[in-house]
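Below, chain A is the first sequence line, B the second, and so on; all start at residue 1. In this text, all values refer to a predicted model and were calculated from it rather than measured experimentally.
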Amino acid sequence: MLKITNTLTGNKEPFGPLTPPKVKMYVCGPTVYDDIHIGNARSAVNFDVIRKYLAFSGFQVTYVMNITDIDDRIIKKAIDEKREYSEVAATYTKAYFDVIEKLGIQKADIHPKATEYIAEMIGLISGLIEKGHAYVVPSTDLGKDVLFDSPTFKSYGKLSGKNLEELQEGARVEKNETKKNPTDFVLWKASKPGEPQWDSPWGKGRPGWHIECSSMVRKLLGDSIDIHGGGIDLIFPHHENEIAQCEAFTEKPYVKYWLHNGFIEISGQKMSKSLGNIWKAKDALKDFRPEVLRYFFLSAHYRSGLNYDREILEANMRGWEEFNQTFQRIEEALTAPHSDAAVMDLLELRLAIDEVETKFKEAMDDDFNTPKAIAALFDLARETRRVLSQSARVTPGAKSLLAEVLEKLNLLGGLLGIVTTERASAPKEVEELAQARVELKKEKKFKEADEIRARVLAMGFTIEDVQGGHFRILPKK
RNA sequence: GGCGGCAUACCCAAGUGGUUAAGGGAGCGGUCUGCAAAACCGCGAUUCGGCGGUUCAAAUCCGCCUGCCGCCUCCA
């Protein structure tokens with residue numbers, strides 16, 4: 001039984017979608033004004049795994065992730081770079097999908113762009129005005145603003161656990177003369193001359209931030225959906241405001257389960273432009289394999305913070321390498337001739353194979369506990385390596401078990417996206433040198449053999465001796 | 001000031017009432033080896049930030065304290 005921690009209730013609840021086996025899932029995607037950083041990447045990976053696990057569990061998931069392609073920061077960038085805002089958005093949308101693809105993140109079923117849903121937004125805003133939840137105020141020469149009247153939505157604050165009085169007393173709520181209440185927020189923003197603009201009943205303007213998600217959710221998934229996700233920082237005000245807009249208008253529950261992922265910190269500090277410690281995903285991908293980054297992201301629970309430090313990531317990578325080595329070693333054993341004479345103890349491996357999927361599911365069913373799920377995979381991998389070390393050539397019985405291991409680890413590890421299909425392969429020349437070295441060793445010409453090893457090392461490869469006069473070539477560490 | 005989260009071995013990180021406190025990294029000891037590396041085996045928290053309380057039983061529940069962090073303004 002899958003359980004999910006729901007931010008709305010603060011509890012871990014059994015997961016029951018509105019219309020099983022269908023699951024409607026929406027996650028707040030990027031605002032395409034710059035390259036995404038590893039925090040964005042972590043979020044995308046977390047929800048990718050959640051989406052895949054739901055599908056693995058038999059649910060029919062419809063997954064929507066938006067692209068915010070109109071926003072103040074995009075406009076600012078466009079002005080700074082003297083380009084059209086749409087060019088800026090297109091540039092970073094492309095960059096986003098490039099990173100997503102590299103990270104092995106399955107595309108959402110739909111990636112709607114905000115600017116393609118302006119009509120739906122205007123419709124929703126008009127409806128809110130008619131129902132008395134929004135009001136129009138004069139703004140620029142080109143048009144008027146529309147603001148949400150927060151006290152008219154009586155459960156405002158239910159997601160973030162805030163109430164209107166506290167927010168009004170709070171020192172950090174901005175003063176704004178056009179707002180009737182400090183917690184009111186913009187639904188429609190009048191454009192200034194030269195800014196991107198759309199025609200509306202309130203003149204030339206553009207949508208507020210919160211309204212786009214609400215509009216796209218309703219248009220693409222319906223009034224009520226099962227899962228809505230995003231970063232922990234979006235709880236307030238973004239998701240709170242989405243609830244207010246939608247529920248005030250539809251008078252139906254907007255989202256059943258709210259999921260929020262924790263932040264990545266850089267050496268204990270929040271990533272921010274002002275601190276200058278932004279680590280872009282595309283740069284991370286230059287230094288680390290995508291599977292390693294995914295392994296790192298999934299090494300902590302998605303709700304927790306994740307501290308990044310180069311040493312921590314590199315320590316994670318060493319564990320990941322050993323895990324992935326297992327695949328290559330199994331493949332080697334499977335392709336090598338078998339041995340009927342080998343004495344092998346396979347009992348523990350049999351047990352490990354039988355329980356791995358159960359342990360994996362138990363972990364994932366507990367609010368997508370990926371660290372625990374990974375531990376289950378590592379248990380099987382360790383047991384497999386133990387068996388492999390018993391004999392260079394394995395028995396036919398061992399081969400069939402190893403094939404099962406491969407299947408399980410590929411299935412479950414593949415779901416997490418932490419398995420690499422890349423195998424260490426060396427140039428033919430290196431292979432030949434290594435083979436020649438075997439002969440030299442047989443003739444006890446160790447000095448020559450060591451010279452070959454040194455030469456190969458200079459070429460970027462390490463030769464490791466394996467039992468029975470065999471060898472393995474690995475990239476230099 | 002309001003709301004929320006976290007504190008588990010040298011490091012990362014699961015565990016949220018009851019058998020030996022997962023897993024990974026690093027370390028140490030051993031086996032193997034021409035050497036090296038790898039591999040494999042073994043070792044490692046009598047204890048879970050501190051102090052009280054509840055309970056037959058707590059890392060796990062409650063209270064207080066200390067420390068760190070996030071949100072309340074754009075933010076994954």
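Pair check for C43(B) finds G27(B); Watson-Crick or G-U wobble, both atom distances under 3.5 Å. Pair assignment for C6(B): G67(B), on the basis of Watson-Crick or G-U wobble contacts that are both within less than 3.5 Å. Under the Watson-Crick or G-U wobble criterion, with both distances below 3.5 Å, A76(B) has no partner in any strand shown. Pairing partner, A59(B): none, since no Watson-Crick or wobble contact has both distances short of 3.5 Å. A 3.5 Å limit on both hydrogen-bonding distances identifies no Watson-Crick or G-U partner for U19(B).
Aromatic pair Phe323(A)/Phe378(A): centroids less than 6.0 angstrom apart. In this structure, the ring of Trp279(A) has its center no less than 6.0 angstrom from the ring center of His37(A). No close placement of the Phe148(A) and His210(A) rings is indicated, their centers lying 6.0 Å or farther apart.
Asp465(A) contributes no side-chain N or O that forms a donor-acceptor pair with the base of C32(B) under 3.5 Å. One cannot find a donor-acceptor pair under 3.5 Å joining the base of A37(B) and the side-chain atoms of Arg453(A). Side-chain atoms of Asn369(A) stay outside donor-acceptor range of the base of G15(B), with no qualifying N/O pair under 3.5 Å.
Nucleic acid contact for Phe378(A): sugar-phosphate only, since backbone atoms but no base atoms lie under 4.0 Å from a heavy atom of the residue. Counting non-hydrogen atoms under 4.0 angstrom, Lys270(A) reaches a base of the nucleic acid. Heavy atoms of Ile312(A) sit under 4.0 angstrom from primed sugar atoms or phosphate atoms, though from no base atom.
When the C1' atom is compared between C72(B) and U47(B), the two are found 38 Å apart, to the nearest whole Å.
We find the OH-CE distance between Tyr63(A) and Met65(A) to be 3.5 Å, quoted to the nearest 0.5 Å.
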